Number of protein chains: 2
Amino acid sequence: MLDAADPAPMNTPSRRRFRREGEERRRQDLIEATLDSVAEHGLQGATLRTIALRAGVTAGLIRHYFPGKEELLQEAYAALMGRMTEQAKAALAIEDASPRQRLAAFVTANLNVPIIDARVFSLWTTFIGRAGADASLARAHREGYLGFRNEVEAVVAEVLAAERREPDASQLRHHAIAINAIIDGLWIEGCLAGDMFAPGELAAIGIKTVEAELGLAPEREDN
Amino acid sequence: MLDAADPAPMNTPSRRRFRREGEERRRQDLIEATLDSVAEHGLQGATLRTIALRAGVTAGLIRHYFPGKEELLQEAYAALMGRMTEQAKAALAIEDASPRQRLAAFVTANLNVPIIDARVFSLWTTFIGRAGADASLARAHREGYLGFRNEVEAVVAEVLAAERREPDASQLRHHAIAINAIIDGLWIEGCLAGDMFAPGELAAIGIKTVEAELGLAPEREDN
DNA sequence: GAGCTTGTTGTGCAAGTGTATAAATAGCCC
DNA sequence: GGGCTATTTATACACTTGCACAACAAGCTC
């Protein structure tokens, strides 16, 4: 049971067998393994050896694709951010829908899987927590946030225009900030304690709250 | 200028001088040093030596007050949570005010310093990020969150009662979840990019959004 | 298939980690 | 002031970490 590392019975010094993967494939695998490691045990658990093990290679290989651990983490964070904003924006791109429907679809998309996901949340917190200290991280976040908020602001403008309302720039900005906050806040609640909410409940609350913020007449119901 | 660590000119093997502080004081200092270290460099940077240096003692002393690093971190987290919920609830305790005023004061308090603070946010993210993996952390958070939400729900009930409204339990719950999300979301935006908002702007948006969610008539203004 | 390139492994190392423990001294009690 | 005790320092140790580098073999080219 002990020392089961040697398949050959004799003193074969045989190395581990391996395959040469394409460069892009390896980088992708390493980045994914990095995200997995960070999500599971935080930055602490993301050691080169852990990452390599998860990617099915040995630690030394990482240095062949990345100058150092720091760069690997940065690329992993960039990949994460890219995926998140891409998914969020995709929800806005539905065709043949009224502005109000598109806004509702946007809220719904952001308050269900796969956006509501404990793994993504864990990654977000570990990286974003360092934004206060790391300037490049802070800038990356700010750009992503502003991009997101501008998307929201654009839809809000369409929704209000369809309602014959004419908000000025300041009001639009306030609406966008508020709606962004509603989505973020509900997203956190869902990620941290998804089992406390019925399926679709967060999305329903989100839509109702957003429409109240914009002063849209509710479909029906009182109080 | 270099090697100024030895006050005695000769080969004195003199140990570092020290003072015996009270037990409670030392524990408090160590916990504070821990929070500072975590806030500044994350869990990675919070080594026993770093913490001890910040607390003005040597690393070995920590083991005299805490069984191990794990326990020190747990106590530090508990202290942080306690302080946060205490501050938040204190804002609700103002006397001689209408329910609506108390709610507004609550929102305002949570969207200004010292609640909006990059250091606290950094601490929150580093600890909460591990809630997905660490069960005790998750439970601690859930209790704090539910306590907070129940406070909100109680004020909401008072506000609506003062308006002669009679929401049922489900509606109350939805309002509390939504308001909680609004505060959390705006809190994050303020912590991450406080300089993007004018002083008091977040609080103003928060109050407006919360009152819209509850269907309270705005003081004045349109659109 | 021989040979070459380079992706990949394995080992080594210095720095740093948490923990254990012995030595020293600060400050109280008499 | 002398002696005791527990706080505090200092050192040691086993272990992990990121990184450097030499050896190796996978798979292409001819």
Side-chain angles (χ1 to χ4, degrees), chain A residues 3-8 11-31 33-34 37-38 40-76 126 130, chain B residues 3 5-8 11-34 37-38 40-76 126 130:
Chain A
D3 200 19
D6 209 347
N11 59 345
T12 329
S14 72
R15 287 188 151 213
R16 165 180 179 168
R17 293 236 218 85
F18 61 91
R19 265 183 44 209
R20 307 180 112 159
E21 297 284 353
E23 161 162 358
E24 207 44 50
R25 170 68 184 276
R26 270 278 189 260
R27 293 178 64 90
Q28 207 68 20
D29 284 352
L30 286 173
I31 286 179
T34 303
S37 299
V38 172
E40 200 157 326
H41 298 107
L43 283 176
Q44 304 221 82
T47 73
L48 291 184
R49 286 167 177 83
T50 300
I51 295 170
L53 181 67
R54 205 182 278 263
V57 297
T58 51
L61 185 61
I62 294 181
R63 282 264 317 175
H64 192 258
Y65 287 101
F66 301 91
K69 190 190 180 185
E70 188 65 31
E71 286 79 6
L72 172 58
L73 283 174
Q74 280 181 15
E75 288 211 30
T126 27
R130 287 185 40 181
Chain B
D3 200 19
D6 207 346
N11 59 343
T12 328
S14 71
R15 286 187 152 217
R16 165 179 179 165
R17 294 238 218 81
F18 61 91
R19 264 185 42 210
R20 308 178 109 155
E21 299 284 353
E23 160 161 0
E24 207 44 49
R25 170 69 185 277
R26 270 277 189 260
R27 292 178 65 90
Q28 207 68 19
D29 284 353
L30 285 173
I31 286 179
E32 206 56 41
T34 303
S37 299
V38 173
E40 200 157 328
H41 298 107
L43 282 175
Q44 306 222 81
T47 74
L48 291 184
R49 285 165 178 85
T50 301
I51 295 171
L53 180 67
R54 207 182 276 262
V57 298
T58 51
L61 185 60
I62 294 182
R63 284 262 318 176
H64 193 260
Y65 287 101
F66 300 91
K69 189 190 180 184
E70 189 66 28
E71 287 79 6
L72 172 58
L73 283 175
Q74 280 181 15
E75 288 212 31
T126 29
R130 286 185 40 179

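As the structure is a prediction and not an experimental result, all values here were calculated from the model. In what follows, chains carry the letters A, B, and so on, assigned in the order in which the sequence lines appear, proteins first and then strands, with residues in each chain numbered from 1.
- Here the closest non-hydrogen pair linking A:Ile51 and A:Ser37 is CG1-OG, 3.8 Å.
- The distance between atom CD of A:Glu71 and atom C1' of D:dC19, rounded to the nearest whole Å, is 12 Å.
- Using a distance-only test at 3.5 Å, with no hydrogens or angles considered, a donor-acceptor pair links the side chain of B:Arg27 to the main chain of B:Tyr65.
- Of all the heavy atoms in A:Ala59 and A:Arg49, the pair that sits closest is CB-CG, 4.0 Å.
- Contact annotation for B:Tyr65: backbone-only contact, meaning every heavy-atom pair under 4.0 Å involves sugar-phosphate atoms and none involves a base.
- For the pair B:Glu21 CD and D:dT7 C1', the interatomic distance rounds to 11 Å; values are reported in whole Å.
- Expressed to the nearest 0.5 Å, how far CD1 of B:Ile31 lies from CZ of B:Arg26 amounts to 13.5 Å.
- At D:dT8, one or more side-chain N or O atoms of B:Arg26 fall inside 4.0 Å of OP1 or OP2 (strictly under the cut-off).
- A:Leu48 CG to A:Leu30 CG: the interatomic distance, rounded to the nearest 0.5 Å, is 10.0 Å.
- Distance B:Arg63 CZ to C:dG18 C1': 9 Å, rounded to the nearest Å.
- Atom NE2 of A:His64 is separated from atom C1' of D:dA20 by 14 Å (rounded to the nearest Å).
- For the pair A:Arg16 and A:Thr58, the minimum side-chain heavy-atom distance is below 4.5 Å.
- Rounded to a whole Å, the CG atom of B:Leu30 is 10 Å from the P atom of D:dT9.
- Atom CG in B:Leu72 sits about 14 Å away from atom C1' in C:dT19, given to the nearest Å.
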Anything under 3.5 Å between a protein N or O and an N or O of nucleotides 22-25 of chain C, put it in a table, one pair a line.
unit_1: C:dA23; atom_1: N3; unit_2: B:Arg15; atom_2: NH2; d: 3.4

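- Using a 4.5 Å heavy-atom threshold, the side chains of A:Glu21 and A:Val57 count as separate.
- Note that NZ of B:Lys69 is 9.0 Å distant from OG1 of B:Thr34, once rounded to the nearest 0.5 Å.
- Looking at residues 51-62 of chain A, you'll see A:Val57, A:Thr58, A:Gly60, A:Leu61 sit with a heavy atom under 4.0 Å from some atom of DNA chain C.
- For the pair B:Leu43 and A:Leu43, the minimum side-chain heavy-atom distance is 4.5 Å or more.
- The backbone N or O of A:Leu72 lies less than 3.5 Å from no partner atom in the side chain of A:Glu75, so there is not a single donor-acceptor pair.
- Among the heavy atoms of the strands, none lies under 4.0 Å from A:Glu23.
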Collect all protein-nucleotide pairs involving nucleotides 15-17 of chain C in which both atoms are nitrogen or oxygen and the distance is under 3.5 Å.
none

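- Here the side chains of B:Thr50 and B:Glu40 are not in contact, with every heavy-atom distance at 4.5 Å or above.
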